[in-house]
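Side chains are part of it too, since the values below use all heavy atoms of this structure and drop only hydrogens, waters and symmetry mates. Order of listing sets the numbers, starting from 1, for every ligand and every atom in it. Treat the numbers as computed from the prediction; the structure is a model and nothing was measured.
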Amino acid sequence: MYGLVNRAIEDLVTQAYGSDVWERIKHEADVDIDVFVRMEAYPDDISYRLVAAASKVLEQSPDRILGDFGRFWPQYTGREGYGEILDAAGSSLWEFLFNLDELHSRVGLIYPNLQPPSFSCTDVTEQSLELHYYSERAGLAPMVVGLLEGLSLMFDTPVSIERTQCKEEGADHDAFRITKTIRD
Ligand code: 1MF
């Protein structure tokens, strides 16, 4: 994955726990890279090892780390100069979710080593939809839940998220039912 992803993990950890903890995580992950270059493609293995090491050092489940990363990603990429691409993808949560593949193909035009996941929406009503998630990468569904929570905040649209299909349990792909909730 592009260095931007590893940089986001670094920022997330450093903001919350400081750079000493980040150095410990890199050491635990056996990652000997001083500075991740945002536009360089790194082996996926490095990102997976960083998540596993963060889980160990911070004594939190890998799924929780992935969820935190997902929630962090929309604001992080917005800040790091991708705000325009994010803005162009939609002005409501539903519109944004419909346009995820287009967003990734735009990024992929500039960064040819991108291996984007693919998303589609079915059973769409004003109140809810089912989001289908297809990826060549394993185990990242908890990150997608975090991403949806981050987008929900970004669009000020509270939702509940229910996992309706799980690839690890034999389904063809992962899917989520997203339902708008009323604020109290
Ligand atoms: O292959 C990749 O390197 C890669 C990197 C990031 C592929 C996808 C992504 C983004 N994606 C991360 C989870 C991947 C899960 C999977 O592969 O199964 C999050 C996708 C996403 C989902 C829901 C809502 C919003 C999402 O992201 C919006 C987005 C997507 C991509 C970018 C920014 C916002 C992006 C921008 C520039 C990139 C890479 C990704 O590359 C750079 C970075 C710095 C300098 C130059 C290029």
Could you tell me whether the side chain of [X] and the main chain of [Y] form a donor-acceptor pair under 3.5 Å?
X	Y	value
Trp22	Leu12	no
Arg106	Ala89	no
Tyr76	Phe69	no
Arg177	Glu162	no

### Message
Distance check, rounded to the nearest 0.5 Å: Leu50 atom CG versus Ile33 atom CD1?
### Response
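Reported to 0.5 Å precision, the distance equals 8.0 Å.
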### Query
How many angstroms lie between atom CD of Gln115 and atom CZ of Arg137, to the nearest 0.5 angstrom?
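Separation between the atoms: 5.0 Å.
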Note every protein N or O atom lying under 3.5 Å from an N or O atom of ligand 1, pairing the names and giving the distance.
{"residue": "ligand 1", "atom": "1 (O)", "partner": "Gln115", "partner atom": "N", "Å": "2.8"}
{"residue": "ligand 1", "atom": "1 (O)", "partner": "Arg137", "partner atom": "NH2", "Å": "2.9"}
{"residue": "ligand 1", "atom": "3 (O)", "partner": "Tyr2", "partner atom": "N", "Å": "2.9"}
{"residue": "ligand 1", "atom": "17 (O)", "partner": "Arg137", "partner atom": "NH1", "Å": "2.7"}
{"residue": "ligand 1", "atom": "18 (O)", "partner": "Tyr133", "partner atom": "OH", "Å": "2.5"}
{"residue": "ligand 1", "atom": "18 (O)", "partner": "Ser135", "partner atom": "OG", "Å": "2.5"}
{"residue": "ligand 1", "atom": "27 (O)", "partner": "Trp73", "partner atom": "NE1", "Å": "3.2"}

